[in-house]
Amino acid sequence: MEMDIKKVEKKWQKYWEDEKLAEFKPKNVDKKYYCLEMFSYPSAAKLHLGHWYNYGPTDSFVRFKKMKGYEVFQPMGFDAFGLPAENYAIKTGVHPKDSTEQNIENMEQTLKEMGAFFDWSAEIKTCYEDYYKWTQWIFLKLYEKGLAYRKEAPVNWCPSCKTVLANEQVVNGECERCHSTVVKKDLTQWFFKITDYAEELLTGLNDLDWPEKTKLMQKNWIGKSTGGEIEFTCESGDKFKVFTTRADTLFGVSYVVLAPEHPLVKKLTSKKQKKAVEEYILQTSKTTEIDRLSTAREKTGVYIGHNAINPINGKSVPIYAADYVLYSYGTGAVMGVPSHDERDFVFAKKHDIPIIRVVKGVNCDDTLPFTDDGIVMNSPGFDGLTSEEARKAIISKLVKTGQGEHKTNYRLRDWLVSRQRYWGAPIPVVYCDKCGCVPVPEEDLPVKLPYDVEFKPDGESPLKKHQGFMETTCPICGGKAHRDPDTLDTFVCSSWYYLRYPDAKNPKEAFNSKIINKMLPVDKYVGGAEHACMHLLYARFFTKALRDMGYLDFDEPFKSLVHQGIILGPDGLRMSKSRGNIINPDPYVQQYGSDTLRLYLMFGFSYIEGGPWNDEGIKAITKFLDRIERLAIKINGYTGKKSNQVTKEDKELLYALNYAIKCVDNDMENFSFNTAVARLMELLNALTKYDALENKNVTLLKNCFKQYIQLLAPCAPHFAEEIWEMLGGKPSIFTTDFPVCDQKALVKDEVEVAVQINSKIKAKLMIPNGASQDEIKELVYQDEKLKEELKDKEIKKFIIIPNRLVNIII
RNA sequence: GCGGAUAUGGCGGAAUUGGCAGACGCGCUAGACUUAGGAUCUAGUGGGCGACCGUGGGGGUUCAAGUCCCUUUAUCCGCACCA
């Protein structure tokens with residue numbers, strides 16, 4: 001390459017910055033296009049290939065939108081709280097604030113070297129007071145609204161480190177550091193009541209331009225099921241409810257199960273069974289939820305030595321404690337119907353529990369368990385009803401006696417936001433002996449995270465050990481009080497950051513509603529599919545909650561969503577330190593330049609699929625840009641020679657140009673970057689071919705080539721600016737309009753049509769554009785080769801697909 | 001286990017949504033130019049000598065299937081304290 005790519009990159013990055021080309025101009029808000037990439041965690045490894053893949057091509061999309069006349073807003077920031085920085089501190093003693101700030105600085109620099117149109121004037125760092133102050137403010141608003149509450153919930157506890165562990169730190173049921181067996185321990189923790197919005201979060205999915213699979217994942221995650229709650233009364237007089245979607249099988253109940261954590265288990269267990277039950281509970285505390293729900297795993301459980309009464313028939317059935325029932329789902333209790341549920345069937349066989357059939361199949365299927373709907377039997381008063389009728393009828397009967405109700409249940413659970421860690425936003429409440437749990441008044445925010453803390457894990461979290469932080473006074477009575485030693489889940493910080501960006505420096509409010517209502521929702525959100533169920537759901541919940549408090553007038557934060565794929569290691573496996581297959585983008589940027597790496601990422605992979613890294617293809621991109629540069633230099637040297645005559649070749653070139661404009665426009669819009677680049681390569685081939693002609697029209701060629709550089713510009717921004725300037729264009733090329741397709745140039749005089757006989761290709765014919773069916777038939781019959789094939793044959797059917805093919809059935 | 005997805009040449013990947021499978025590129029082969037060069041250009045490149053056969057396997061619908069239906073296999077991703 002002739003040009004010094006490093007110099008060119010610096011030159012244009014400086015120009016863009018000086019001209020503030022990436023800054024959003026509020027006066028043009030009517031033409032706004034808010035494109036957001038998920039912000040990143042400031043890791044020590046600087047930018048990895050995944051960042052490049054997320055941000056590079058999406059920046060090209062943004063530049064494309066800018067050239068299409070939109071006022072684009074593409075902000076960037078850092079999700080800066082989190083576990084890794086704290087782990088790093090424990091290991092090395094470097095304070096999370098220091099390491100995080102250093103990492104952010106490094107990443108900012110490399111992000112700038114990428115040359116993306118990020119509006120740095122709106123940058124956000126979630127670990128800074130001016131941000132987490134408002135995270136705390138939102139917590140208070142949710143609390144006021146009754147959407148934040150406290151309850152007991154289990155945490156992973158390592159008995160030897162005396163510390164709470166993240167799921168990630170539990171490996172095969174053991175502590176990753178000391179390999180002790182991890183147990184569950186109950187703590188009082190904060191929850192957000194996302195379940196209040198379960199129904200709206202579900203129905204709202206219908207109107208979103210999101211990948212179908214993501215919507216389906218959220219739908220399943222929310223997990224709506226309709227059924228009823230039925231109340232069982234224990235012999236002791238205690239009552240508990242079970243949730244079921246199969247009330248039609250209520251007469252088939254031969255036992256009931258409580259989750260081992262259910263309070264009634266402790267209360268009702270008989271003396272004789274006490275030892276067995278306690279052992280079982282201990283065992284359960286070591287099992288993960290995924291294992292507990294596995295249908296392949298052996299169904300374990302113990303009889304607690306107490307019975308309950310089935311409200312529909314007064315029958316006494318045994319109560320079991322079993323870990324395949326989760327205390328956190330439904331009522332934490334289920335009824336056991338071995339005849340019509342596979343898990344119950346296995347359980348009953350093992351514990352010698354009677355199996356009573358109450359539904360028969362329409363087609364007389366008599367193997368048990370029978371899990372389909374059918375006709376109800378052995379159910380006095382309901383026999384002969386279909387399952388669906390019986391479900392309603394049975395619950396309705398129980399409603400009358402006050403022993404049941406129709407109920408919709410969701411698998412979605414409330415969001416646990418307490419983290420027993422240091423590096424997060426402190427929870428803005430204090431606990432007073434007199435006044436109880438008291439929210440910190442708004443004017444006292446932020447509750448600052450102290451710097452001087454001790455990280456070494458010794459049974460207490462760093463904040464709990466910090467007297468200066470913990471000891472405070474009650475805002476109500478002024479008496480002694482203490483703070484919450486926990487911090488907020490980092491997902492809380494990332495659930496509202498898209499609202500902060502458009503008004504990022506506002507010192508008076510989290511965001512200005514007037515501005516936000518104009519700038520939101522986000523027009524295009526781009527990020528990994530791994531966030532389908534959590535971040536994307538939490539953000540939707542926050543938006544709806546803030547709307548209901550009157551701060552926002554829109555219902556959904558992200559109108560349109562795209563997931564980029566994952567770039568795997570060269571071995572086809574996910575990149576990870578332990579595998580040693582991490583590809584560092586820096587050397588490629590150094591050697592080939594940022595445009596080349598970006599372009600390769602756009603061309604070499606299907607954007608939403610990703611795939612294994614392979615650097616063979618990157619040289620092809622260098623070659624491609626080289627060819628463009630050489631042609632540019634050559635064409636630039638031509639002196640104008642105008643010809644008014646339009647040749648066949650001229651027409652072909654114009655066709656190629658306009659076809660490319662149409663395709664690239666469409667492909668960029670749809671994040672189909674690999675095909676967009678393919679069309680650019682095709683057009684370069686067409687330009688090169690035309691250039692080789694003796695009687696070329698230089699003016700036409702120059703004009704087409706200028707448009708070519710405009711088409712290329714979003715995908716290779718520095719390179720295109722440089723060539724554009726060389727061709728005499730006024731910078732910046734990104735202030736020019738994206739070329740518009742001339743439909744007239746796309747009309748061809750004749751089209752090639754494939755001719756099939758009995759669905760096998762026999763010939764290809766040139767057919768004049770717009771020929772009638774009869775004219776096409778005539779042309780087919782005139783063709784020598786086809787004449788031979790069709791001789792003496794009876795034509796049964798003559799199928800014509802305009803401009804594509806003809807199929808003759810004989 | 002539950003939930004979600006994917007499978008097309010030697011490789012990365014296309015295919016206007018039921019209409020010419022393999023666009024574009026890598027790699028490979030041959031040639032040109034050359035200071036016998038990991039540069040550039042030009043041509044060829046799914047398989048088979050062939051009629052034909054080809055989109056993970058088997059079956060089906062259709063004039064026509066990579067695309068729709070049934071079935072099966074393999075691989076990958078998420079599962080609520082990683083972000």
Side-chain angles (χ1 to χ4, degrees), chain A residues 38-41 43 79 81-84 87 153 155-156 164-170 189 194 211-214 216-217 219-221 223 288-297 324 328 343 411-421 489-491 493-494 528-535 537-538 565-566 568 572-574 600 603-606 609 611-614 616-621 623-624 626-627 630 663 666 672 674-682 685 688 692 752-761 764 796-810:
Chain A
M38 289 179 185
F39 62 174
S40 50
Y41 183 80
S43 67
D79 191 13
F81 278 134
L83 187 61
N87 282 342
V155 292
N156 300 312
V164 176
L165 298 178
N167 283 344
E168 193 191 44
Q169 297 171 305
V170 181
Q189 306 187 71
I194 190 172
E212 285 305 316
K213 61 172 184 176
T214 306
L216 192 59
M217 269 196 228
K219 191 182 157 201
N220 290 328
W221 187 261
T288 70
E289 270 186 20
I290 293 173
D291 285 340
R292 284 175 65 168
L293 283 169
S294 165
T295 48
R297 187 169 153 266
Y324 71 91
S328 54
R343 285 184 306 183
R411 205 180 68 101
L412 182 69
R413 292 181 234 159
D414 278 339
W415 173 16
L416 195 170
V417 293
S418 296
R419 295 292 181 268
Q420 292 70 42
R421 312 202 184 286
D489 180 6
T490 54
F491 273 124
C493 308
S494 60
E530 65 274 19
H531 292 98
C533 296
M534 303 180 67
H535 164 62
L537 199 61
Y538 296 151
I566 300 167
L568 305 169
L573 299 168
R574 188 181 268 275
Y600 175 57
F603 178 63
F605 305 85
S606 157
E609 306 269 328
W613 173 257
N614 172 346
E616 286 292 310
I618 197 161
K619 276 175 264 159
I621 298 296
K623 203 169 125 186
F624 170 56
D626 272 345
R627 285 181 61 205
R630 257 180 289 154
C663 291
N666 191 50
S672 180
N674 54 348
T675 52
V677 178
R679 297 293 90 80
L680 288 170
M681 288 174 168
E682 278 171 354
N685 291 341
T688 310
E752 192 187 63
V753 168
V755 183
Q756 301 180 327
I757 293 175
N758 283 351
S759 308
K760 295 258 192 269
I761 302 273
K764 294 191 177 181
K796 286 191 184 157
K797 226 175 179 182
F798 203 108
I799 299 159
I800 297 174
I801 310 296
N803 293 344
R804 270 171 202 276
L805 60 70
V806 168
N807 192 3
I808 305 162
I809 310 304
I810 54 175

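Convention: sequence-line order gives letters A, B, ...; per-chain numbering from 1. Reckoned from all heavy atoms, side chains included, excluding hydrogens, waters and symmetry mates.
G56(B) and U8(B) have their P atoms separated by 6 Å, with the value rounded to a whole Å. Taking atom P on both nucleotides, C28(B) is separated from A39(B) by 10 Å, rounded to a whole Å. Here, A5(B) and G10(B) have their P atoms 29 Å apart, quoted to the whole Å. Rounded to whole Å, the separation between the P atoms of G57(B) and G50(B) comes to 23 Å. Rounded to the nearest Å, the gap between the C1' atom of G22(B) and that of G54(B) is 11 Å. Using C1' as the reference atom, U42(B) and C53(B) are 32 Å apart when rounded to the nearest Å. C77(B) sits 41 Å from G44(B) when the C1' atoms are compared, rounded to a whole Å. Separating the C1' atom of G66(B) from that of U6(B) is a span of 13 Å, rounded to the nearest Å.
Glu616(A) comes within 4.0 angstrom of sugar-phosphate atoms only, judged by non-hydrogen atoms across all strands, and of no base. Ser40(A) comes within 4.0 angstrom of nothing in the nucleic acid, heavy atoms only. Within the nucleic acid shown, Ile799(A) comes within 4.0 Å of at least one base atom, counting heavy atoms only. At the heavy-atom level, Glu212(A) lies nowhere under 4.0 Å from the strands shown. Across all strands, Arg574(A) comes closer than 4.0 Å only to sugar-phosphate atoms, never to a base (heavy-atom distances). Note on Leu83(A): only backbone sugar-phosphate atoms sit closer than 4.0 angstrom, heavy atoms only; bases stay farther off. Among the protein residues, Asn167(A) comes within range of the sugar-phosphate backbone only, with heavy atoms under 4.0 Å from sugar or phosphate atoms but none that close to a base. Nucleic acid contact class of Lys219(A) (heavy atoms, under 4.0 Å, all strands): none. Residue Trp415(A) is out of contact with every strand shown, counting any heavy-atom pair closer than 4.0 Å. No engagement by Gly617(A) is indicated, since no non-hydrogen atom pair under 4.0 Å with the nucleic acid exists. Contact annotation for His531(A): base contact, defined as any heavy-atom pair under 4.0 Å involving a base atom. Contacts of Val155(A) with the nucleic acid, taken as non-hydrogen atoms under 4.0 Å apart, include base atoms. Within 4.0 Å (heavy atoms only), Asn685(A) reaches sugar-phosphate atoms of the nucleic acid but no base atom. Residue Arg411(A) is in base contact, counting any heavy-atom pair closer than 4.0 Å across all strands shown.
Counting to the nearest Å, the P atom of C81(B) and the CZ atom of Arg419(A) are 5 Å from each other. Distance Phe491(A) CZ to A80(B) C1': 9 Å, rounded to the nearest Å. As rounded to whole Å, 12 Å separates atom P of A14(B) from atom CZ of Phe605(A). Look at CG on Asn666(A): it is 11 Å from P on U17(B), rounded to the nearest Å. Rounded to an integer number of Å, the gap from CZ of Phe603(A) to P of G13(B) is 11 Å. Rounded to whole angstrom, the span from the CD1 atom of Ile761(A) across to the C1' atom of A64(B) amounts to 10 Å. Met217(A) places its CE atom 13 Å from the P atom of C77(B), with the value rounded to the nearest Å. For the pair Arg413(A) CZ and C2(B) C1', the interatomic distance rounds to 13 Å; values are reported in whole Å.
Between C41(B), A83(B), A23(B), one nucleotide has an atom nearer to the side chain of Arg630(A) than all others, and that is C41(B). For Thr675(A), counting side-chain heavy atoms from C-beta on, the closest listed nucleotide (C81(B), A14(B), C24(B)) is A14(B). Considering only side-chain atoms of Leu805(A), the nucleotide from A23(B), G19(B), C41(B) that sits closest is G19(B). Closest to the side chain of Asn674(A), out of A14(B), C81(B), A23(B), is A14(B). Considering only the side chain of Pro84(A), A83(B) comes nearest among A83(B), A80(B), A5(B). Taking the side chain of Glu752(A) as heavy atoms from C-beta on, and the options A80(B), C53(B), C20(B), the nearest nucleotide is C20(B).
Shown here, U17(B) is classed syn by the O4'-C1'-N9-C4 or O4'-C1'-N1-C2 angle, which is within 90° of 0. G9(B) shows a glycosidic angle within 90° of 0 and is accordingly assigned syn. For A36(B), the O4'-C1' to base torsion is within 90° of 0; the nucleotide is therefore syn.
Here the side chains of Ile566(A) and Arg574(A) are in contact, with some heavy-atom distance below 4.5 Å. Within the 4.5 Å cutoff, side-chain heavy atoms of Ile809(A) are placed close to those of Asn758(A).
Base-pair partner of G27(B): U45(B) (Watson-Crick or G-U wobble, both distances under 3.5 Å).
Side-chain N/O atoms of Lys623(A) include one lying less than 4.0 angstrom from OP1 or OP2 on C26(B). Close to G13(B), at under 4.0 Å from its OP1 or OP2, lies no side-chain N or O of Ser606(A). For G19(B), the OP1/OP2 oxygens have no side-chain nitrogen or oxygen of Asn807(A) closer than 4.0 Å.
Between the side chain of Lys764(A) and the base of C20(B), at least one donor-acceptor pair of N or O atoms lies under 3.5 Å. Contact annotation: side chain of Gln420(A) to base of C81(B), donor-acceptor pair present below 3.5 Å. Arg679(A) contributes no side-chain N or O that forms a donor-acceptor pair with the base of C24(B) under 3.5 Å. The base of C76(B) does not come close enough to the side chain of Glu609(A) for any donor and acceptor atom to sit less than 3.5 Å apart.
Just one residue in the list Asn807(A), Ile808(A), Ile761(A), Leu805(A) forms a side-chain contact (heavy atoms from CB on, under 4.5 Å) with Val755(A), and that residue is Ile808(A).
Between Phe605(A) and Trp613(A), the ring planes are parallel. Angles under 30° get that label, and only those over 60° would be called perpendicular. Using cut-offs of 30° and 60° on the angle between ring planes, the pair His531(A) and Phe491(A) is perpendicular.
In terms of heavy atoms, Arg411(A) sits closest to Asn220(A) at NE-O, 3.3 Å.
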| said: Let's go through Arg421(A) and Asn87(A) carefully: what are the C-alpha distance in whole Å and the side-chain angles of both, what is the deciding distance for side-chain hydrogen bond (donor to acceptor under 3.5 Å, both in side chains) to 0.1 Å, and is it a yes or a no? | reply: CA-CA 10 Å; Arg421(A) 312 202 184 286; Asn87(A) 282 342; over 6 Å; no
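Between the side chain of Asp79(A) and the backbone N or O of Phe39(A) there is no donor-acceptor pair closer than 3.5 Å. A donor-acceptor contact shorter than 3.5 Å links the side chain of Asn156(A) to the backbone of Leu165(A). Side chain of Glu609(A) to main chain of Gly565(A): no donor-acceptor pair is present (N/O by atom type, distance under 3.5 Å, no hydrogens or angles).
Sequence order on RNA chain B of the closest nucleotides to Thr214(A) and Ala620(A) puts Thr214(A) first from the 5' end. Nucleotides of RNA chain B nearest to Leu216(A) and Lys760(A) differ in position, and the one nearer the 5' end is that of Leu216(A).
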